[in-house]
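Take a look at the structure set out below.
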Amino acid sequence: MNVQIILAGIGGQGVLFSSRLFSELGLQLGLNVMGSETHGMSQRGGSVIAHLKLGQFQSPLVRRGTADILYSFEKNETYRTLKFLREGGLCFTNQESGEGFDNKVLSYLKKKNIAILAYDATAAALKSGSILATNIGLIGYSVGTGLVPFKHKDLTKVLELTSKKKNLALNLRAFELGFREGKLSQRS
Amino acid sequence: MKIDQKKEVRVLLGNVAIARGIVEAGCQVVTSYPGTPSSEIIPAVVGFKKELGLNTYIEWSTNEKVAFDNALAASMAGKRAAVAMKQVGLNVASDSLLSSAYTGVIGGLVIISCDDPGPQSSQTEQDSRFLAMFAKVPVYDPSTPQEAKEMVKEAFKLSEKFQVPVLLRPTIRVSHAKQNVKLFPPEILDRPADFKKNPERWAATPRYRLILHAKLNKALQGIQERFEQDTKWNYEIRKKGSSALGIISCSASFAALMDIQEELNLKEPIDILKIGTPYPLPQKKVEEFIQKHQKVLVIEETDSVIEYQIIDKSKVLGRLTGHVPLESELVPDIIYDILADVLREMGLAELEKSADAKLDKLIENLELPVRRPTLCAGCPERAAFFAIKRALPRAIYPSDIGCYTLGLNLKAVDTVLDMGAGITLASGFYQAYHQDHKDIPIVATMGDSTFYHSGTASLLNAVYNRARFILVLLDNEITAMTGMQPTPGTGIMADGSRGRKVPLEALIKGCGVRWIKTIDPYEVKNFIKLLKEARKYTQSARGGIAVIIARHPCIIKYPEELEEYRIKVEINDECNGCNYCLDFFECPALLLNEEENRVEIDRKFCVDCGVCISACPRGAIIPVED
């Protein structure tokens, strides 16, 4: 399996933790892991983006137009990072209630067969106990849809391995909630 | 000693892989001054030391030259030593680098200098390999974290065999890449310190220096021959036959190129010569490769170290022929476009451009808000800059390198040159105006770690030469920007144990400053008053340099400190949307509600520091009554 993932958000939204989660998943599945993170000045309140490539890759950076999956925890960061997706790629974006997406962008993406899968992961996280689990909610949702090549049991195992003790229960709750809603979204 | 014998695989950050390489090589002394993208190396060495029960000596040094010399001495005493820094740090250590290339080493000495093309977090895009070449020091140039780890070990061996320091040059995409990396147990070297006196070498006078220079040249010849033979770091990748175009590449660019070649699936795959040792360049290997191809493209970061060393450039395409950009990072998109242009030029293939112009246009039309880097909500440095701007609005503000560079956003930073220049530019400005009999206010700002790094020599000089200005030392009791490394002011050492505290006050007094005051910048009104007093002192007959230590701990490192201050604020109807607080206080927790034309507090960011109460000219920001 070769998968290229982009994770985007703003400082504090858990982009780096999500990247660790998928790295660990890669390791568990016996895949090569290659990725890149933002540190230093650009971390101070700005956009945070992580590139992650599982499989046969050498470079840690995803070239534009080649990512399979984009996870974005904030709307503007979604717009900024859409360029990384390949034709037929998947975009899982956090969409807080009341937010909409630009129609022109949406119809253009449709032509490129890029699906925008919006989910209110912030609400799911708050329901699970803390806004800090927004990232995990969105990831759970994606697994629930069955559109991504990751399994429920593998991700919960990896969550157990990587979460801080005090966050584990919260993360698992947010993951399950997202997962269930992801599953439902594909039935309707 | 308990050593982990089993081989295992972990996903490691490039810098952590480098740290692991240092440990696996049996290196006993590791020194560094923090700087992006090198800062994670030292904490990782500390981690491995603790995990494996090693006896490694590890220090955060006060600057890169100090770090270099401390590591060098260990090597002169026969031990393996490593020193890590960012690329501009190598400038600071360059005096030692050049001299030690002549005097050489005994135990292996590996210098790790992390480059920052882009630049993401630096003042220049300089290529450390050039500085190594200037110093006549051999270079290893890794493409991935795994390779970086193995190269560190090889570099120690080479350094010992030829008795020269060796440089490892990871770029940010190696240092901050992560990869699954194979771990091996560390080599245990039983090497007690044993410095053998040899004044003709270690204290060489110019006459002996000439001899040492000849020795160094001879060593470089030997190293070059070794690099010619080497197939581990320097090798050709060829799928079938021979392509018309060949590419010579190295570092992270090589890795990107390999992925692009895989995606492209060209009918005629391009031959690639990977160079892992760009200096001294294995010339024969390179020449043979060039001979086999119609044209050869050189793709390397950050500058053209390989390209310049190629003797016959008639078939070579690169920066010198305008095929590769002269600045910026060679991210995969750019490498792809370079390749597309060259393939088209040679009539070999037609590739689409990397960018989707239509999508770019659609996104551009959305006019997304630009997120510039900003000081954190509650940052004491914001409070200090606000007070400085209020007290002396027409001053010149020389500043320095650190989080507080972001004082730019508050319009209270006029210059950022390099480490320590906040003070030297302040004294320089003073002298330039004073010569014309002009008295202008100058307020220099500098952080605690930067002052320990290179402030004392500058301040000493300013005092000695009778300069007059205000220096505000922003003491947040940590090196915040690079990831919370301790300073001599905290007295905590790299491994967390206690060192000896060196208070700022004592140092400043030692530099000859007679007016030193300390204040908490959260007390904005008192701070403004104190700045005005300081200004008077710089103008008085017997006055001089006034130093204010603005001391308040970094709220990210020490969040518990906020408890003491917690003042919840709200904005009342007096707010008329004048934007003063947004422009001059610039807290990420203050937002303009454009519909109602008033400022609101974003509770997601607000930490209840209460400092913004002083930032509203209409008094509309008020404490919430409980």
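Everything numeric here is computed off the predicted structure, so don't read it as measured data. Scope of the values below: all heavy atoms of this structure, side chains included, with no hydrogens, waters or symmetry mates. Letters A, B, ... mirror the listed sequences (proteins, then strands); counts begin at 1.
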Return the option, out of [options], with the maximum number of heavy-atom pairs under 4.5 Å with chain A.
| options | result |
| --- | --- |
| B:Val331, B:Ile334, B:Leu366 | B:Leu366 |
| B:Val11, B:Asn180, B:Thr144, B:Ile260 | B:Asn180 |
| B:Glu262, B:Met258, B:Gln146 | B:Met258 |

Which atoms of [X] approach chain A - backbone, side chain, both or neither, heavy atom under 4.5 Å:
| X | result |
| --- | --- |
| B:Ala355 | both |
| B:Pro37 | neither |
| B:Asp360 | side chain |
| B:Glu352 | neither |
| B:Leu359 | both |

**Report entry** Single hit among A:Leu90, A:Leu70, A:Val105, A:Thr93 for side-chain contact (heavy atoms from CB on, under 4.5 Å) with A:Ile116
**Finding:**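 Exactly one pass, corresponding to A:Thr93.
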
Which residue out of [options] racks up the most heavy-atom pairs below 4.5 Å with chain B?
| options | value |
| --- | --- |
| A:His51, A:Glu74, A:Gln56 | A:Glu74 |
| A:Met34, A:Lys104, A:Glu24 | A:Met34 |
| A:Gly26, A:Ser19, A:Gly35, A:Ser23 | A:Gly35 |
| A:Asn32, A:Leu27, A:Leu61, A:Asn76 | A:Leu61 |

Query raised in the report: Given the rule in the side-chain contact (heavy atoms from CB on, under 4.5 Å) test, do A:Val33 and A:Leu54 qualify, once you have shown the distances and angles that lead to the verdict?
Result: CA-CA 5 Å; A:Val33 178; A:Leu54 305 180; 4.0 Å; yes

Query raised in the report: Where on A:Leu52 is there a heavy atom nearer than 4.5 Å to chain B: the side chain, the backbone, both, or neither?
Result: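 Just the side chain, heavy atoms under 4.5 Å.
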
Query - Centroid-centroid under 6.0 Å between A:Tyr141 and A:Tyr71 rings - result: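 No - the distance between ring centres of A:Tyr141 and A:Tyr71 does not fall below the 6.0 Å cut-off.
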
Query raised in the report: Would you call A:Lys75 and A:Glu77 a salt bridge, using N to O less than 4.0 angstrom?
Result: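 Between A:Glu77 and A:Lys75 there is no salt bridge, as every charged N stays at least 4.0 Å from the carboxylate O atoms.
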
Requested in this report: For B:Lys86 and B:Ser121, indicate whether the former's side chain and the latter's backbone hold a donor-acceptor pair under 3.5 Å.
Outcome: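 Here the side-chain-to-backbone pair exists.
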
Requested in this report: Say whether, by atom type as modelled, one donor and one acceptor occur between the side chain of B:Glu586 and the main chain of B:Gly407 under 3.5 angstrom.
Outcome: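 Not at all, since once roles are kept as given, no pair shorter than 3.5 Å links the two residues.
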
Report task. With rounding to the nearest 0.5 Å, note down the distance linking CZ in B:Phe585 to CG in B:Asn409. Result ->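 Rounded to the nearest 0.5 Å, the CZ-CG separation comes out at 12.5 Å.
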
Query - A:Arg20, CZ: over 12 other non-hydrogen atoms inside 6.0 angstrom - result: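 Counting other residues, nucleotides and ligands, CZ of A:Arg20 stays at 12 neighbours or fewer.
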
**Report entry** Side-chain donor-acceptor contact under 3.5 Å, A:Asn135 with A:Ser18
**Finding:**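 A:Ser18 and A:Asn135 do have a side-chain donor-acceptor pair below 3.5 Å.
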
